[in-house]
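Scroll down for the structure; my scribbles are underneath it.
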Amino acid sequence: MVKAIWQRLRSWVSWFKSQLPIFSKSLRQRSNTSIRQSTRSSNQSSGRYGVAKKTPFNQTRIAICLTVLLLTAILGQRFYNQPALTVGSIAADSFTAPYNATLPDMITTEENRQAARSGSIVILQIDPAISKAILEDANSILAQGSILRQKAGNIPYISTGQLSSRTQRYLRQMPTDDWEEVWSLAQMPQLTNALLAKGSSGKLQMRLNNLDANQLIAIGELLRFRERPSSQSMASLRSQIEAKRQQYNKVKPELANLTTRDGLQPLDVKLLELSDADWQSVQSTSRLVLDRMLSQGIHEGMPPNLWQQAIDSQLQGTLILDVPLGLNRDDLLEQETAAKEIASKIISSVLRPNLVEDFEQTRLRAEQVENEVKTVTVSIEQGAPIVNKGEAITQGDFVLLDHFNLTQRRFNWLGFIGFGTLVSAGIGVLLWLDHWQKGGLRQRDHLLVLCLIFSVAALMALKIPGLGLPAVGLLLGSFYGYILAAVIIALLVILLPIGGSVAVLPLFAAACAASVGAWIAPRLRSREEFALLGGVVGLTQGLLHLVLTLMFNSVASSVWYTVLRDSALFGVYGIAWSIVALGVSPYLESFFDVITPIRLAELSNPNRPLLKRLAADAPGTFQHTMFVANLAEAAARTLGHNVELVRAGTLYHDIGKMHDPLGFIENQMGGPNKHDLINDPWVSADIIKKHVTEGLVMAKKHRLPKAIQAFIPEHQGDMLISYFYHQAQTIISADPERDILEEDFRYAGPIPQSPETGIVMLADSCEAALRSLHKEACAEEAYAMVNKILRARWKDKQLIDSCLTRKDMDVIANVFVQVWQQFNHKRIAYPKESFSPG
């Protein structure tokens, strides 16, 4: 496919390189617009008011058409050698196999493997920590139950010869009103066991009729105790029963307050009704049943009703109680039921799932299942029908048809033209936005943008993950701002899936990560920050890939590790592409002469060789440069222009003075003035003007960007070197035979072509004047001097191409005075002290 594309486009590329003009403005962030404006002077013709060369309208149309055609050809890979017969289409004719063939169907095989991966069984294992915690909870509850039973007192608390255990248990837990009624009846002299058995009459009979069977049995036993000769009185018996009732009633709230971590109440008052033997049996049985169920394992998805059925099944036949002699069947059944309820409640209150996924075994199982899926093959014998007329073509049919070259592959002109229309619409959007925003790109910038788009298309043809979108987003955002980068990324997200075979979810994740990088990149000021941003982009790409995969694909728990692994790998791709962007960025900046905030910050480093040489060879000029930079930077910040560009451009605007440092007064350090010795204003003017031409030579030698080079001639414009011009006029007045040309005493220009170079011109003009003011000068004097200089530059038409307004002149004057005041602030006059030797 790549070879076919190259063969079609090889003849176009060479001609396009020679014909490509600047066919439109570029989308730029407003904060970076002035960088491009600063480079216009490098493309202008000579003269005082040079005008940029305009691209002929016909060449512009040709360039737009070529760009559309080239982008359509590069991005529309799907339309090359496209089959007319595809899966799902209806066969217009019958096709038979010309010879025997057995072919692999890789698409179906991959689908089967994916289905096997998604449907593989999850391997579980028992978590010993959970099982141990469950047993500890159960032992804690059983221990607390034993403590509460001790607090409530054991049964019997009176000899069973006097009162049965059942009656003692009933009297201890019965309500107070019922207890008072039973005791009152048992104390009545006229009521005896005989009367109780035969029945009584009147009010007494009515009271007896309101009692239940347990109360009647209790009264009967109390009557027998009263009638029996004994050393213990009824009052003593009542005291014993009352004491046990008080203990019992104190324990009941503690039982109610006892809860598990899930808020369940594992014990109730039936616990206190058990005998010691039954309680021991409940404890041992509860531990045994828990051990069995935890050993078998409890899955998280097991419904609670199945838990309860399993507990009841385990308790059946396991719980063995101590049955006293003479206990009737109903009492025995009641005793067993109460014990089982207590044991069941204790077990269910602490029981919880203890099975967890064994990720390693699950992964091995999924891989095993995937490997067990055999490659799907499609076989056919010679003369056998592949597909009959009118039938839908299946995947297997397509494999056979494509193998026998029966799919009618061809160049899809209709699809190609439609895709070209879509590409044209995208370029139209760029042109419209370009017209809406100010600023313009150079021919090199357009070529760089196209190269980045072509690299994405090449990576799509090579099926490289991520398509390098993170790198493209970082580079475009850093070079040209967020708006241009975001629009291009959005267009690529639309065009790539239509023109080529691209997975949509990874593409969208990569595009979002690229947009994040493009949004942050213009704010960076160092390569270190750029590297850190690469990590953010990679993390964003990986997380978005994971989220989108979970949102739009059903993922079984058994293949979670695969999803996480793929997302992590996709995040690593994002970091890798960010590293690529960081590595190629300096080369692209240099080759395409692109200005970025990071590059400007690097150029402003005083340890750069050219600046160190300026400080050593022309220290006065260096100090002058630093003060001009402070003035210009403050004015640019106030007016909202590019501060980094102003700073860097100012530092290099006077590097040409190194060709003859002593030719400039700031470097003479009180020594003789070189121009007084020359005594020829024409020669002196040439020396002064030469610092511009020599500065450009040095800037080109050190490969400074053209936007920085523009500050060297534009900060002087085509101003008149008035000192030597007036000196020449004096000489001419004494020697009428000599002639004087004003051009000999003017700089070659051009005048400032951007607000930044215009601000530097004004700062350079005002610096010497501000320094010349005496220390006691006030702000009004400084403002009057600065305003006079600014009016002179405005009147001399030095700023007509700089986009600075007359209103800006007032702002700049005020800022210059404020900076001067900061440097010229008053100090405390310290008293003189005399120091004696020694």
What do you reckon, is CZ of Phe508 surrounded by more than 12 foreign heavy atoms closer than 6.0 Å?
no

List the steps and the verdict of side chain to side chain donor-acceptor pair (under 3.5 Å) for Glu589 and Thr596.
CA-CA 8 Å; Glu589 290 172 1; Thr596 65; 3.2 Å; yes

Could I get the full list of side chain to side chain contact (heavy atoms under 4.5 Å, CB included) partners for Val378, not counting sequence neighbours?
Asp105, Leu400

Test your reading of the model: is there a side-chain donor-acceptor pair from Ser455 to the backbone of Leu452, 3.5 Å cut-off?
yes

Contacts of Ser379 meeting side chain to side chain contact (heavy atoms under 4.5 Å, CB included) (sequence neighbours excluded), chain-then-number -> Thr102

Of all heavy-atom pairs between Val646 and Glu633, which one has the smallest distance, and what is that distance?
CG1-N, 3.9 Å

Under 3.5 Å donor-acceptor, Asn354 side chain and Ile298 backbone:
yes

Only counting residues at least two apart or in another chain, list the ones meeting side chain to side chain contact (heavy atoms under 4.5 Å, CB included) with Leu582.
Arg527, Phe530, Ala531

For atom CD of Glu529, is the number of surrounding heavy atoms from other residues, nucleotides or ligands below 6.0 Å larger than 12?
yes

Sequence neighbours left out, what passes side chain to side chain contact (heavy atoms under 4.5 Å, CB included) with Leu495? Give chain and number order.
Leu75, Phe419, Leu422, Val423

Would you indicate whether the side-chain heavy atoms of Phe454 and Leu70 approach each other to under 4.5 Å?
yes

Applying ring-ring contact (aromatic ring centres under 6.0 Å, His included) as the test, list every pair that has at least one member in residues 532-551; sequence neighbours left out.
His545-Phe570

Which residues satisfy the side chain to side chain donor-acceptor pair (under 3.5 Å) test with Ser590, sequence neighbours excluded?
Arg703

